[in-house]
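Lettering follows sequence order; numbering is per chain, from 1. These numbers come from the heavy atoms of this one structure, side chains and all, not from hydrogens, waters or symmetry mates.
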2 protein chains.
Amino acid sequence: MAVSERGPRERMVFSAAQLIRRDGVTATGMRDVAAHAGAPRGSLQHYFPGGKEQLVNEAVAWAGRYAAGRVARFLAALSEPTPSGLFAEMVRQWTDEYRASGFEGGCPVAAATVDCAQSTDSTRGAAADAFARWTRPVAEALTDMGVPADRAESLATLMISALEGALLIARTERDERALTTVARELGPLLDASAQRPSQGG
Amino acid sequence: MAVSERGPRERMVFSAAQLIRRDGVTATGMRDVAAHAGAPRGSLQHYFPGGKEQLVNEAVAWAGRYAAGRVARFLAALSEPTPSGLFAEMVRQWTDEYRASGFEGGCPVAAATVDCAQSTDSTRGAAADAFARWTRPVAEALTDMGVPADRAESLATLMISALEGALLIARTERDERALTTVARELGPLLDASAQRPSQGG
DNA sequence: TCGCTACTATGACCACTGTCATAGCGGCAC
DNA sequence: GTGCCGCTATGACAGTGGTCATAGTAGCGA
């Protein structure tokens with residue numbers, strides 16, 4: 001991922017997301033973002049006249065779109081899609097990263113929430129949008145797999161919640177145990193909900 | 001809660017936890033902590049010669065003890081303890097707070113993880129300890145309710161993960177929906193695991 | 001050449017941070 | 001009294017943050 005052959009603007013948004021998910025919003029400086037993106041510092045005020053707030057919000061939005069895109073790709077890759085299979089893939093993306101590159105980063109949306117939900121309302125809204133954009137394809141996928149429509153959204157929220165929480169624990173422990181645990185424990189519940197709902201399962 | 005008739009040291013640790021869970025670690029200044037605790041600024045360097053790092057770590061540890069204590073109190077209050085009942089109480093603590101005081105704060109341990117897991121290893125360790133101290137009484141309670149020992153810890157991790165993730169979403173949405181959703185969806189799974197494992201009962 | 005626009009380049013400003021140095025106070029021991 | 005100790009009180013310092021002001025460059029149309 002992270003092809004550097006985009007415009008400098010997009011590179012800065014991407015770099016912001018990377019640094020935010022590693023260090024948090026407040027600890028990430030604008031100068032750091034420019035340096036990480038290999039972009040000139042002067043471009044910051046040109047592309048983001050709204051300042052850091054705008055940059056952070058765009059990074060959060062980017063993360064939401066990215067997560068949604070991943071869901072679509074997971075579904076395309078699964079020959080026989082099941083709810084537990086989808087969730088396992090969502091988790092595996094993180095265990096893969098942690099195994100390959102260490103437990104450096106978490107979810108940028110979570111970082112923005114913890115860091116700005118109280119102080120910067122626009123960022124809180126951006127994070128809410130990101131979660132919504134991420135939840136939607138998950139819920140739709142569950143529906144396609146036979147989950148009743150009214151439960152699909154709830155289960156999607158549960159999946160994302162469990163994933164986000166497990167990410168926190170995994171980072172503190174520097175161990176993917178929490179991630180694999182939630183995947184294993186939640187799998188049967190998810191698959192059971194995909195039975196055709198003629199009678200309650 | 002938050003009786004102010006403790007020593008100034010304890011008050012500062014408590015205030016640090018409050019501010020951290022609202023604004024994040026980096027955005028919380030030492031001067032803010034002293035002011036919030038009604039403690040003299042000069043006491044900071046007296047009680048916390050290790051500086052901000054020490055203060056943050058103690059705040060995180062305090063949060064872990066606090067969460068563990070709450071679990072014990074929930075169990076004592078439940079006349080007929082069930083896994084879903086315990087989880088519902090854990091969630092209800094947050095919905096109560098959010099309904100009473102707004103969606104200002106999250107979990108201090110989560111904030112410290114997002115903000116310091118990469119930069120400050122001692123704080124990462126403190127967060128890991130806090131999660132462990134919180135998980136233990138939950139797992140023990142599940143065991144007492146009939147959950148097999150090998151699953152109890154996994155389910156406790158799942159409960160805390162789902163709670164932490166739902167907290168993030170609830171804060172972004174300024175809506176307790178995510179919290180009530182995970183409680184509702186996870187309840188049956190938890191209770192089903194408490195059947196004596198030989199046969200369902 | 002001129003003018004206009006998109007973008008880059010720097011230096012400065014001010015607010016603020018964590019930390020330290022130093023000094024002051026109150027009380028207790030003796 | 002003197003000495004010591006726990007604690008408080010400030011002021012300063014060096015570093016860093018986001019932001020702004022200003023100037024410079026490259027390209028293009030006319």
Side-chain angles (χ1 to χ4, degrees), chain A residues 4-60 108 111-112 114-116 118-124 126, chain B residues 4-20 22-60 108 111-112 114-116 118-123 126:
Chain A
S4 65
E5 274 330 300
R6 312 277 181 173
R9 191 184 198 285
E10 194 169 347
R11 287 211 316 274
M12 282 190 279
V13 172
F14 174 79
S15 289
Q18 296 302 112
L19 295 180
I20 286 170
R21 80 195 194 93
R22 201 186 60 184
D23 301 321
V25 173
T26 313
T28 296
M30 304 279 278
R31 293 164 171 86
D32 302 336
V33 172
H36 184 276
R41 185 161 77 85
S43 298
L44 280 170
Q45 79 181 280
H46 182 254
Y47 289 115
F48 307 96
K52 186 176 189 178
E53 184 174 335
Q54 180 187 359
L55 177 58
V56 169
N57 292 358
E58 294 203 23
V60 169
V114 160
D115 227 335
C116 303
Q118 171 60 19
S119 63
T120 314
D121 195 63
S122 70
T123 302
R124 181 200 59 74
Chain B
S4 65
E5 274 331 300
R6 311 277 181 174
R9 191 184 198 284
E10 194 169 348
R11 288 211 314 277
M12 283 190 280
V13 172
F14 174 79
S15 289
Q18 296 302 113
L19 296 180
I20 286 169
R22 203 186 58 183
D23 301 322
V25 173
T26 314
T28 296
M30 304 278 279
R31 292 162 171 88
D32 302 336
V33 172
H36 184 275
R41 185 161 76 86
S43 298
L44 280 171
Q45 77 181 284
H46 183 255
Y47 288 117
F48 306 96
K52 187 176 188 177
E53 183 172 337
Q54 179 187 359
L55 176 58
V56 169
N57 292 358
E58 294 201 22
V60 168
V114 160
D115 228 335
C116 304
Q118 171 59 19
S119 62
T120 316
D121 196 64
S122 71
T123 302

Looking at every heavy atom in both B/E53 and B/T120, which two are closest together, and how far apart are they? CD-CG2, 3.5 Å
B/H46 NE2 to C/dG26 P, straight-line distance once rounded to whole Å: 17 Å
Atom CG of A/D115 and atom OG1 of A/T123: how far apart are they, to the nearest 0.5 Å? 9.5 Å
Can you tell me the distance, in whole Å, between the CZ atom of B/R11 and the C1' atom of D/dC7? 13 Å
Rounded to the nearest angstrom, tell me the gap between atom CD in B/Q54 and atom C1' in C/dT19. 14 Å
Please report the shortest heavy-atom distance between B/A27 and B/D32, naming the atom on each side. O-OD2, 4.3 Å
First locate atom CD of A/E58, then atom CD of A/E10, and finally report the distance between them rounded to the nearest 0.5 Å. 10.5 Å
Rounded interatomic separation in angstrom, taking OH from B/Y47 and P from D/dA9: 11 Å
Taking the side chain of A/R31 as heavy atoms from C-beta outward, which of C/dT17, C/dT8, D/dG17 is closest to it? D/dG17
To the nearest Å, give me how far apart CD (B/E53) and C1' (C/dT19) are. 14 Å
base_contact_polar (D/dG18 base, A/R41 side chain, donor-acceptor, <3.5 Å): no
Starting at atom CG of A/D32, determine the distance to atom C1' of D/dG17, rounded to an integer number of angstrom. 10 Å
What integer distance in Å separates B/M12:CE from D/dC7:P? 10 Å
The side chain of A/K52 is closest to which nucleotide in this list: C/dA9, D/dG18, C/dA6? D/dG18
Atom-pair distance (CZ on B/F48; P on C/dC20), nearest Å: 15 Å
Heavy atoms from C-beta onward define the side chain here; which of C/dC7, C/dC20, C/dT10 lies closest to that of A/Q45? C/dT10
For a quick check of understanding: with a heavy-atom distance under 4.0 Å over all strands, which category does B/T26 fall into, base, sugar-phosphate or nothing? nothing
